[in-house]
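Any value given below was found using the heavy atoms of this structure, including those in side chains, with hydrogens, waters and symmetry copies removed. In listed order, ligands and their atoms are each counted from 1.
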Amino acid sequence: MSHLFNNYGRNEKIEFVKGEDVYLYDTDNNQYLDFTSGIGVANLGYSFEAQKTAIKTQVDQLIHIPNLYHSSIQEEVAELVGGDDYVGLFVNSGTEANEAAIKFARLKTGKPEIITFKNGFHGRTYGSMSATAQEKIQKGFAPLVPGFKYAEFNDIDSVKALISPETAAIMLEMIQGEGGVLPANQAFITALAQLAEENNILLIVDEVQTGIGRTGKKFAFEHFDIQPDVFTLAKGLSNGVPVGAVFAKTAYASVFAPGTHGSTFGGNFIAMASAKAVLTHMTPAFLDEVAQKGQFAFDYLQEHLNQEPNIAKIQGIGLMIGIQLKNANQIPMIMQKLQDDGLLILRAGKDVIRLLPPLVMTQTQLEIGLEKIVKVVKEVG
Ligand SMILES: Cc1ncc(COP(=O)(O)O)c(C=O)c1O
């Protein structure tokens, strides 16, 4: 018998025991090209030596101190994230980062309501789950945290209709990741930022999946030319060591006064050593390469799949790409065939194949994976 809950519906047939470069290896030493990055986490792959060295050095030096003392490494990582424009605090996961953002919004404004978007995803703990307007995520867990209202993504009128004098914040992803790799459109984000400013409402961007280089910019909101009041991070921030973070504009630094929020393990030395290595790698030249590879992958898929009868749409930004199928039932078969052929992909939403290859994947490696995807999608179609 298994001694674990079955909450993940795991693939019990494969166990990965080794990672190298952008490949994973199972117990029989079969090699898999990874187009998942551990769901947007191992963005710098499995052989990111700067991270490994930083962690090993830190382990020998000191693993944990409580957040009651000055931490130079937290200061350094926070500066690498937000420069002088933002201040932050560290937690251990995406959902915890969003909990902190929700608390921040209520504390700052003294108002209870937060507008989020249908089909979005913000996490599994009560606040973040209540922010997640998806029945399948919330089902069975009532009563939820009150105060959340759900608007239609990319529909500014639906947001206007929900604004009240009690609205503290609007919270959203720039690309709905779990919801099916659905990018926001520019007109919507411009109007949303303006609406928030005019009504003194905080704009919170959840960058848990899109942040730290995934879209070819450090943060996805940079594509939309906005500066959110608050943003959250996790996943790709430290290439696999649990970490999360919430950042707010420096002008709001006093909102989280002593005693208002905390996390025992938040910003621990191992996570910070790892995050520092990751952030140091995010140079403009590296991000440009990611953008170029993303464009290459997108163009390749457009060229080879767009006319296929089973394809509804291909969309995404940078190396976050979704292939929407007309028939969602094809997805398990496509995933299985690709796995048999040594390629790992993800599903998102109901009917979308989600590709999140490590940002360090070469164009040649990308092309090998894309070729396999095109072949299998055509076969199944
Ligand atoms: C946009 C977004 N927010 C929050 C979360 C929750 O993060 P975590 O699983 O680390 O709690 C996720 C996870 O998929 C996510 O994609």
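- Only the side chain of D206 comes within 4.0 Å of ligand 1, judged by heavy-atom distances.
- Under the 6.0 Å distance and 45° angle rule, R106 counts as a cation-pi partner of F148.
- For the pair T95 and ligand 1, the shortest N or O to N or O distance falls below 3.5 Å.
- Residues S263 and N92 approach most closely at OG-ND2, 3.0 Å, considering heavy atoms.
- Each side-chain hydrogen bond (donor to acceptor under 3.5 Å, both in side chains) pair with one or both residues in residues 75-88, not counting sequence neighbours, appears once here: E76-K276.
- Using a 4.0 Å cut-off to heavy atoms of E173, the atoms of ligand 1 that qualify are 1 (C).
- Backbone and side-chain nitrogen or oxygen atoms of V208 are examined, and none is located within less than 3.5 angstrom of a nitrogen or oxygen of ligand 1.
- Y23 has its ring centre no less than 6.0 Å from the ring centre of Y46.
- Of all protein heavy atoms, the one lying nearest to atom 13 (C) of ligand 1 is K235 CE, 3.3 Å.
- Counting only heavy atoms, the protein gets under 4.0 Å from atom 3 (N) of ligand 1.
- Residues H122 and E173 have side chains in contact (heavy-atom distance under 4.5 Å, counting atoms from C-beta outward).
- Evaluated by nearest non-hydrogen atom to atom 16 (O) of ligand 1, the leading choice among Q176, M129, E96, Q209 is Q209.
- Neither the backbone nor the side chain of T232 has a heavy atom within less than 4.0 Å of ligand 1.
- The CZ atom of F104 sits 9.5 Å away from the OG1 atom of T260 when rounded to the nearest 0.5 Å.
- Distance from atom 8 (P) of ligand 1 to its nearest protein heavy atom, with residue and atom name: G94 N, 3.5 Å.
- Sorted by first then second residue, the ring pair (Phe, Tyr, Trp, His ring centres under 6.0 Å) pairs that include residues 189-221, not counting sequence neighbours, are F219-F221, F219-F231, F221-F231.
- Only the backbone of H122 comes within 4.0 Å of ligand 1, judged by heavy-atom distances.
- At most 12 heavy atoms of other shown residues, nucleotides or ligands fall within 6.0 angstrom of atom NZ in K337.
- Those atoms of ligand 1 that come under 4.0 Å of a heavy atom in N98, given as number and element, are 3 (N), 4 (C).
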